[in-house]
Asker: 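Structure below; questions to follow.
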Amino acid sequence: MEELASKYNPADVESKWYQYWLDNGFFKSKPDGREPYTIVIPPPNVTGVLHMGHMLNNTIQDILVRRARMMGKNACWVPGTDHASIATEAKVVNKLAQEGIKKTDLTREQFLEHAWEWTRKHGGIILEQLKKLGASCDWDRTGFTMDETRSKSVIKVFCDLYEKGLIYRGVRMVNWDPKALTALSDEEVIYKEEHSKLFYLKYYVADDDMSGETGAEGEIIHRDAKGRYAVVATTRPETIMGDTAMCINPKDPKNRWLAGKKVIVPLVNRVIPVIEDEYVDIEFGTGCLKVTPAHDVNDYMLGEKYNLQTIDIFNDNGSISEAAGMYVGQDRFDVRKQIEKDLDAAGLLEKTEDYNNKVGYSERTNVVIEPKLSMQWFLKMEHLAKIALEPVMKDELKFYPPKYKNTYRNWLENIKDWCISRQLWWGHRIPAYFLPQGGYVVAENEEKALELAKAKSGNNNLTIADLRQDEDCLDTWFSSWLWPISLFDGINNPGNEEIKYYYPTSDLVTGPDIIFFWVARMIMSGYEYQGDMPFKNVYFTGIVRDKLGRKMSKSLGNSPDPLDLIDRFGADGVRMGMMLSAPAGNDILFDEALCEQGRNFNNKIWNAFRLVKGWEVKEMEQPESAQKAVKWFKQQLNKTIAEINDCFDKYRISEALMAVYKLFWDEFSSWYLEMVKPAYQQPIDKETYEATLNYFETLLKLLHPFMPFITEELYQNIKERDAKDSIMVSLLPKVEEYCEKNINRMEITKGIIAGIRNVRANKGISPREAFEMYYKGSDFDGKNNSIIEKLANVSKITEATDEIKGAAATFMVSTIEISIPLGNNVNAEEEIKKMEEEIKYLEGFLAGVEKKLSNEKFVANAKPEIVEKERKKKSDAESKIATLKENIAKMK
RNA sequence: GGUCUUAUAGCUCAGCUGGUUUAGAGCACCUGCCCUACAAGCAGGGGGUCCUAGGUUCGAAUCCUAGUGGGACCA
């Protein structure tokens with residue numbers, strides 16, 4: 001066979017094996033008699049590029065899918081992309097702007113043509129990138145939230161919910177994004193702490209008759225040459241143009257005198273009533289609240305309650321509207337600066353204070369949200385929240401880590417109706433059709449709409465041209481919430497073969513940041529439309545941060561390019577780097593050094609393989625040491641497989657990886673291979689060789705879900721394989737019974753070998769010089785003597801019944817004392833000092849144990865096996881101390 | 001402000017229903033080694049008042065309370 005390079009080069013093999021897997025259709029899944037294992041991908045934005053979050057997320061999914069496949073399940077990982085309404089539309093608008101085209105100059109159809117072109121050009125790049133990572137998705141199933149099947153599903157669900165009375169249309173206070181020019185849901189608003197100013201404004205009393213003063217304790221009256229006035233504290237002085245009332249708390253003695261009066265809005269000079277409501281916080285500012293029903297959610301509620309006028313002073317883009325009567329056309333933030341000056345000049349600004357408050361920003365465009373009254377479509381959430389809560393709280397649908405159950409419950413219990421309309425073109429257009437004489441109908445298509453419209457209006461002469469479809473489209477999440485159903489066409493074809501087979505899906509892997517946007521809503525739609533959970537388990541990954549704990553962002557430039565990492569460390573190395581740092585739910589502090597560790601591990605596997613494949617095989621007797629090693633490794637292997645299975649059951653994936661890592665590196669490479677390795681240029685016996693290849697193959701299988709490429713490469717090189725024999729469709733070993741005693745014996749053996757090597761290192765004695773070894777202690781059974789002889793270069797092993805001739809280096813392993821006679825090489829004083837230190841430690845330990853045992857309450861209350869353990873500790877420690885003391889005596 | 005969560009080695013974390021020696025791992029660090037699988041390696045080594053203060057208990061890193069410091073979500 002050809003000579004293998006001493007360093008593993010991932011680039012040589014990765015694309016080759018990915019293509020091989022594709023060519024053989026190993027990623028494909030069709031319903032059959034096997035147990036299904038299904039994951040639907042969290043669809044990334046169609047025009048997005050791969051970032052570290054995707055890497056983490058998809059590595060985990062691929063590990064789970066590959067493992068399930070190797071457990072004999074019918075594994076199906078469905079990929080796809082999201083049309084990402086706002087984000088994509090914003091990108092298209094930007095691109096058009098660069099070409100000098102304004103969106104408003106285009107018709108809806110023209111704009112959509114540009115958007116589709118953009119999508120065709122940039123769409124799906126991210127899926128190609130996932131292939132580089134090794135993702136074993138069934139690419140034939142790739143879905144898009146705006147393709148035909150998914151679009152039909154969305155419209156059908158909208159109509160259904162409308163018919164059920166769960167969708168309604170109305171004027172409500174919504175979060176308005178003045179840049180994207182659309183309403184947003186509550187979840188799309190991000191609150192940020194800001195340093196701002198609190199402005200104290202003077203509202204003079206109108207037609208003041210000087211009445212109302214009570215002289216009661218706490219009363220505060222402001223007056224100056226122009227008369228009496230109230231002081232209102234606000235962070236948004238520019239909204240005074242929309243003031244239609246002032247509100248005080250009826251229990252507030254400071255402002256009692258204002259009750260029933262009217263006051264004058266500064267600069268605007270509008271006279272507004274003073275109303276009273278306990279909603280007002282007496283302690284905030286002066287206890288006087290300006291009420292602007294059009295521009296604040298709480299003020300809106302007051303407006304409804306007291307039937308106040310609403311004056312909308314903003315245009316959709318955040319500039320001041322005609323209705324304001326002043327500053328018309330200027331930007332809201334410019335006006336805030338200007339009005340401060342104008343108020344001050346007019347003597348209407350009492351004072352300003354520094355103030356920290358939380359301001360809502362648009363998740364997508366990062367501009368300050370404007371609360372705005374507008375006509376929107378809403379989905380009632382009460383019923384949906386109810387059906388989605390219980391299964392999670394009862395752990396029928398499990399969250400990993402479970403702490404997110406709390407977050408989930410909190411949201412569902414305080415949920416508000418979902419604003420699902422967006423004033424955008426890129427998305428699913430709302431299937432509502434307005435009639436010429438007013439009113440509307442909701443229908444899946446124009447024909448049905450026309451029928452309904454005729455019936456509704458009683459006008460049989462209506463034509464489709466008479467109907468006007470709602471211009472708005474739906475929130476992106478209104479399509480992704482159906483993803484686990486719509487990918488299997490369960491909305492359009494309820495009960496079809498695929499949905500019956502694949503639904504509920506098995507695991508969902510996603511970030512906790514979209515628990516409300518997506519996870520919760522999928523659970524709602526799952527129960528509403530399938531009567532069952534959309535997935536059995538949700539694995540929440542952490543957020544990927546840099547090693548200093550900062551979020552990865554473009555502006556910080558601290559986000560590595562995943563493809564660049566793959567180039568440098570190989571996909572397997574990067575996958576391992578991600579997983580080493582990623583316990584479920586914890587944020588992961590990503591450090592390139594972890595990819596390096598991954599790459600180093602690849603190299604270790606590669607070199608172990610080079611060793612094994614370099615052996616010359618011969619029919620000959622199996623050495624005893626090899627026979628013992630082969631027997632032991634089987635036990636160790638099974639023990640670790642059990643451990644790995646347990647980790648996976650608990651979704652402790654990084655721990656599972658660490659277990660395989662140590663199994664391969666420490667147990668297999670450092671111990672097993674050294675035990676069976678023939679002397680330089682000597683052949684190996686066939687029996688050992690074959691056992692070793694078998695172990696190697698098993699290890700590769702265990703490693704495959706984590707590191708698909710190198711494991712396939714080596715699996716194919718272990719022996720000649722059939723064209724269709726791939727590691728990715730092989731079966732993982734089932735865990736077998738293992739002998740704990742055998743493993744413990746080897747642990748002692750390893751301890752002895754390490755001890756002897758240590759003696760050599762300390763004394764500077766060459767490994768070539770053979771030692772004799774004496775042991776003392778009943779725990780030594782001599783069964784691994786051949787291994788000790790081989791790995792520690794020991795010529796003879798004898799029980800130390802007689803006094804050992806000459807000076808010896810001694811050490812203890814468990815309760816066994818090992819002595820290596822070294823003649824003049826031993827410095828007796830040094831040895832004695834070492835032993836005395838050991839005795840000191842043991843005596844301290846013994847004292848602790850004795851204290852426990854002499855405590856009557858401990859002996860009486862503790863479980864008998866615990867007491868027994870303590871007694872064993874005591875006797876072990878005592879015997880060790882005795883041995884050491886004896887030894888010191890001998891050396892003196 | 002509300003809810004939740006967390007604090008263990010230089011870093012990232014295990015440590016499960018309290019008792020597996022006087023707390024572990026990986027990485028990093030230090031000291032030796034190019035000994036033909038592997039320097040992307042090998043052999044050794046150091047390193048912790050388990051955040052603080054109380055409490056429960058025969059026994060606390062583990063359970064409870066308070067405080068302090070992180071983090072997340074919601075308003």
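Keep in mind that this is a model prediction, so the values were computed, not measured. What you see below is based on every heavy atom in this structure, not just the backbone, and it leaves out hydrogens, waters and symmetry mates. Chain letters run A, B, ... following the sequence lines, proteins first and then strands; every chain starts at 1.
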Asker: Does B/C63 have a Watson-Crick or wobble partner in any strand here, with both distances under 3.5 angstrom, and which is it?
Answerer: B/G55
Asker: Reckon A/E674 touches a base, only the sugar-phosphate, or nothing at all at heavy-atom distances under 4.0 Å?
Answerer: base
Asker: Under a 3.5 Å cut-off for both distances, is B/C42 Watson-Crick or wobble paired, and to whom?
Answerer: B/G32
Asker: Apply salt bridge (Lys or Arg N to Asp or Glu O under 4.0 Å) to the pair A/K405 and A/D395, showing each step before the final yes or no.
Answerer: CA-CA 9 Å; A/K405 278 163 67 181; A/D395 287 325; 3.1 Å; yes
Asker: Is there a Watson-Crick or G-U wobble partner for B/U22 with both distances under 3.5 Å, and if so, which one is it?
Answerer: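 Checking every strand shown, B/U22 finds no partner, since no pair has both distances under 3.5 Å.
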Asker: Could you check whether A/S6 gets within reach of a base, just the sugar-phosphate, or nothing at all, counting any heavy atom under 4.0 Å?
Answerer: nothing
Asker: Counting any heavy atom closer than 4.0 Å, what does A/R652 reach on the DNA or RNA strands: base, sugar-phosphate only, or nothing?
Answerer: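 Here A/R652 touches the backbone only, sparing every base.
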Asker: Hey, are A/D876 and A/T815 close enough side-chain-wise for a donor-acceptor pair under 3.5 Å?
Answerer: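 Side-chain D/A pair, A/T815 to A/D876: absent.
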Asker: Could you identify the nucleotide paired to B/A72, looking across every strand shown and requiring Watson-Crick or G-U wobble geometry with both distances under 3.5 Å?
Answerer: B/U3
Asker: Are OP1 or OP2 of B/A37 and a side-chain N or O of A/K677 less than 4.0 angstrom apart?
Answerer: yes
Asker: What contact category does A/N861 fall into here, base, sugar-phosphate, or nothing, at under 4.0 angstrom with non-hydrogen atoms?
Answerer: base
Asker: Stacking between A/W411 and the base of B/C73 (centre distance under 5.5 Å, interplanar angle under 30°)?
Answerer: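 Stacking between A/W411 and B/C73: absent.
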Asker: Could you report the tightest heavy-atom contact between A/D296 and A/D299, atom names first, then the distance?
Answerer: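 It is OD1-N, 3.1 Å.
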Asker: Classify the nucleic acid contact of A/K662 as base, sugar-phosphate or nothing, counting any heavy atom under 4.0 Å across all strands shown.
Answerer: sugar-phosphate
Asker: Which is true for A/E655 with a 4.0 Å heavy-atom rule: it touches a base, it touches only sugar-phosphate, or it touches nothing?
Answerer: sugar-phosphate
Asker: Hey, does A/W615 reach any base, or is it just sugar-phosphate, or nothing, if we go heavy atoms under 4.0 Å?
Answerer: nothing
Asker: Output yes when at least one side-chain N/O atom of A/N600 is less than 4.0 Å from OP1 or OP2 of B/G41, else no.
Answerer: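 Indeed, a polar side-chain atom of A/N600 lies that close.
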Asker: For A/A608, report the nucleic acid contact type (base, sugar-phosphate, nothing); a contact means any heavy atom under 4.0 Å.
Answerer: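 Base: the residue A/A608, judged by heavy atoms under 4.0 Å, touches a nucleobase.
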Asker: Sort out the partner of B/C16 for me: Watson-Crick or G-U wobble, both distances under 3.5 Å, none otherwise.
Answerer: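 The base-pairing partner of B/C16, which may sit in any strand shown, does not exist here.
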